[in-house]
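In what follows, chains carry the letters A, B, and so on, assigned in the order in which the sequence lines appear, proteins first and then strands, with residues in each chain numbered from 1. Atom set for the values below is all heavy atoms of this structure, side chains included, hydrogens, waters and symmetry mates excluded. These figures come from a predicted structure and were not determined experimentally.
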Amino acid sequence: MGIEEKLPSGILLTSVEKLVNWSRKSSFWGATFGLACCAIEMMAAGGSHYDLGRWGMEVFRASPRQADLMIVAGRVSQKMAPVLRQIYDQMAEPRWVISMGVCASSGGMFNNYAIVQGVDHVVPVDMYLPGCPPRPEMLIDAILKLREKIGHEPLGPNGRKMLEARRARGDIPVVAPGSMPSSYRNDKARRAEWTRAVAEGREEQLRIENWMKAQNHLVGRADR
Amino acid sequence: MGAITGSFKGFGVTFSHMFKKVVTTDYPFKPPVSAPRYHGRHILNRHPDGLEKCIGCELCAWACPADAIYVEGGDNTEEQRFSPGERYASTYQINYARCIFCGLCIEACPTRSLTMSNEYELARDNRQDLIFTKEQLLAPLLPGMEQPPHPMRLGDTEKDYYVGALTNPGTSAGAERAPWSETGTVDGSGTTGENAS
């Protein structure tokens with residue numbers, strides 16, 4: 001398709017891959033695809049209080065040709081599904097999809113004939129974001145996770161081959177890209193803590209533990 | 001003339017924002033403190049000796065408007081005891097791709113086994129990872145707790161556990177009243193609001 005299909009493998013490709021991924025993730029432009037209440041939170045995330053502009057993506061493009069990221073914000077009805085697919089098809093590659101909220105992720109509480117049970121029936125989804133609706137921080141978290149994932153994406157057929165080879169060697173990161181919560185990933189000490197916990201398979205326990213430590217009103221720690 | 005003063009006025013409004021406080025939250029670097037009752041991901045709590053509070057009654061699953069909870073009950077035996085009483089949850093799953101965080105399951109829970117934390121960073125890149133199993137939901141073992149299965153340490157029947165929970169609830173994170181509240185227990189001494197100072 002593009003020039004990346006003809007790139008040779010090796011150290012050069014790895015460097016080019018890094019550069020390309022960095023430029024791809026550094027300014028996502030989202031396609032406006034607000035369908036329901038989640039869109040309100042999406043707008044809030046673009047506003048000054050949460051400010052997606054910190055990551056260069058405060059512009060939500062009205063035209064799919066200029067967008068890289070489709071945030072499906074809200075429940076997708078059966079009637080909306082072909083429209084959604086068309087918007088997706090009109091977006092230029094490379095493109096990514098976040099299914100925001102439980103309705104887009106799986107149908108949520110609308111388990112009925114009117115709602116598509118998960119937008120991944122229609123388009124490939126790169127990040128599922130639960131919540132009803134997710135708060136703006138959750139959306140930012142999902143976007144940052146997706147950015148991290150893009151940073152590890154292979155470039156072209158040779159890049160995919162190299163990734164396969166790395167996987168076959170067992171050279172895979174302890175924490176899968178795009179699985180660490182953003183507040184952990186952006187704090188050096190907590191990041192190390194999380195990495196250790198993943199190696200032991202107890203990262204969710206760690207999360208509860210840290211949360212409980214922060215709640216000093218819980219009984220048993222009435223030292224307030 | 002009016003146009004010039006007008007545009008100065010306009011730019012003045014913009015310029016004055018340079019001296020105003022920044023309203024933007026510094027989210028991933030300094031996560032904000034959420035409201036204490038914020039509905040985040042669930043926790044399956046433990047008794048003070050480490051036994052699970054969940055009795056596998058499925059009331060949470062019945063209360064769930066989105067059918068996000070799946071519970072399978074199992075029988076406790078003397079050799080394999082996970083919770084005080086007869087039954088425990090042998091399988092417990094919450095599908096976060098369905099859960100709408102309404103908290104009806106918390107209200108339905110008769111043993112305060114299921115509570116909610118304020119954790120919200122739940123995005124994953126596949127639907128499989130969004131189904132949290134019992135291992136992921138269970139509260140960590142605090143000091144003094146022992147990994148089940150083990151016999152009941154705090155009494156002979158489950159009743160002792162539930163009566164004892166008034167003063168010594170183990171982890172039931174988020175469900176207790178704050179110690180300074182009017183109606184709650186103070187310092188875990190068991191005295192309720194009226195006679196506590």
Could you tell me which non-hydrogen atom of B:Leu44 sits nearest to which non-hydrogen atom of B:Cys54, and how far apart they are?
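In this case the closest contact between B:Leu44 and B:Cys54 is CD2-CB, 4.3 Å.
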Which pair of non-hydrogen atoms, one from A:Asn186 and one from B:Pro28, has the smallest distance, and what is that distance?
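Distance-wise, the nearest heavy atoms are ND2-CB, 3.3 Å.
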Output, in order, the C-alpha distance, side-chain angles, deciding distance and verdict of side-chain contact (heavy atoms from CB on, under 4.5 Å) for A:Glu137 and B:Glu121.
CA-CA 8 Å; A:Glu137 281 103 342; B:Glu121 292 166 314; over 6 Å; no
Tell me whether [X] is salt-bridged to [Y], with the criterion being a basic N under 4.0 Å from an acidic carboxylate O.
{"X": "A:Arg202", "Y": "B:Glu135", "result": "no"}
{"X": "A:Lys25", "Y": "A:Glu148", "result": "no"}
{"X": "B:Asp125", "Y": "A:Lys149", "result": "yes"}
{"X": "B:Arg87", "Y": "B:Asp75", "result": "yes"}
{"X": "A:Arg191", "Y": "A:Asp187", "result": "no"}

Quick check for you: among A:Lys145, A:Met127, A:Arg135, which has the greatest number of heavy-atom pairs under 4.5 Å with chain B?
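Looking at each of A:Lys145, A:Met127, A:Arg135 in turn, A:Arg135 comes out on top.
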If you count heavy-atom pairs within less than 4.5 Å of chain B, which of A:Pro130, A:Ala142, A:Pro136 leads?
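Of A:Pro130, A:Ala142, A:Pro136, A:Pro130 has the most heavy-atom pairs under 4.5 Å with chain B.
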Hey, which residues of residues 193-201 of chain A are touching chain B, say heavy atoms under 4.5 Å apart?
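At a heavy-atom separation under 4.5 Å, chain B is reached by no residue of residues 193-201 of chain A.
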With a 4.5 Å heavy-atom cut-off (strictly below), which parts of residues 38-50 of chain A touch chain B? List them by number.
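From residues 38-50 of chain A, the residues near chain B are A:Ser48, A:His49, A:Tyr50.
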For the candidates B:Phe29, B:Phe132, B:Tyr38, B:Tyr96, which exhibits the highest count of non-hydrogen atom pairs separated by less than 4.5 Å from chain A?
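With the most close heavy-atom pairs to chain A, the winner is B:Tyr38.
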Please enumerate all residues that pass side-chain hydrogen bond (donor to acceptor under 3.5 Å, both in side chains) together with A:Glu204, with sequence neighbours excluded.
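side-chain hydrogen bond (donor to acceptor under 3.5 Å, both in side chains) list for A:Glu204, sorted by chain: A:Arg207, B:Arg41, B:Arg124.
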Taking side chain as everything from C-beta outward and backbone as N, CA, C, O, which of these in A:Leu139 sits under 4.5 Å from a heavy atom of chain B? Side chain, backbone, both or neither.
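Contact with chain B: none, neither part.
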Chain B contact via A:Asp120 - which portion, at a heavy-atom distance below 4.5 Å:
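Looking at A:Asp120, just its side chain touches chain B.
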Aromatic contact between B:Phe101 and B:Tyr120, with the criterion being ring centroids under 6.0 Å apart: yes or no?
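Ring-ring flag for B:Phe101/B:Tyr120: false, centres at least 6.0 Å apart.
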Would A:Trp96 and A:Phe28 count as a close aromatic pair, with their ring centres under 6.0 Å?
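Ring centres of A:Phe28 and A:Trp96 closer than 6.0 Å.
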Should we count CD of B:Glu86 as having more than 12 external heavy atoms under 6.0 Å?
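No, the 6.0 Å shell around CD holds no more than 12 heavy atoms from other groups.
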Please classify the contact of [X] with chain A as side chain, backbone, both or neither, using a heavy-atom distance under 4.5 Å.
{"X": "B:Asn95", "value": "neither"}
{"X": "B:Asn118", "value": "both"}
{"X": "B:Leu141", "value": "neither"}
{"X": "B:Pro48", "value": "neither"}
{"X": "B:Ile100", "value": "both"}

Atom pairs and distances, donor-acceptor, side-chain atoms in residues 104-112 of chain A, under 3.5 Å, two or more places apart:
unit_1, atom_1, unit_2, atom_2, d
A:Ser105, OG, A:Ser99, OG, 2.9
A:Ser105, OG, A:Gly101, O, 2.9
A:Ser106, OG, A:Gly108, N, 3.4
A:Ser106, OG, B:Ala97, O, 2.4
A:Asn112, OD1, A:Ala114, N, 3.1
A:Asn112, OD1, A:Ile115, N, 3.4

Can you check salt bridge (charged side-chain N to carboxylate O under 4.0 Å, His left out) on A:Arg54 and B:Asp26, steps first, answer last?
CA-CA 10 Å; A:Arg54 288 181 287 165; B:Asp26 205 6; 3.6 Å; yes
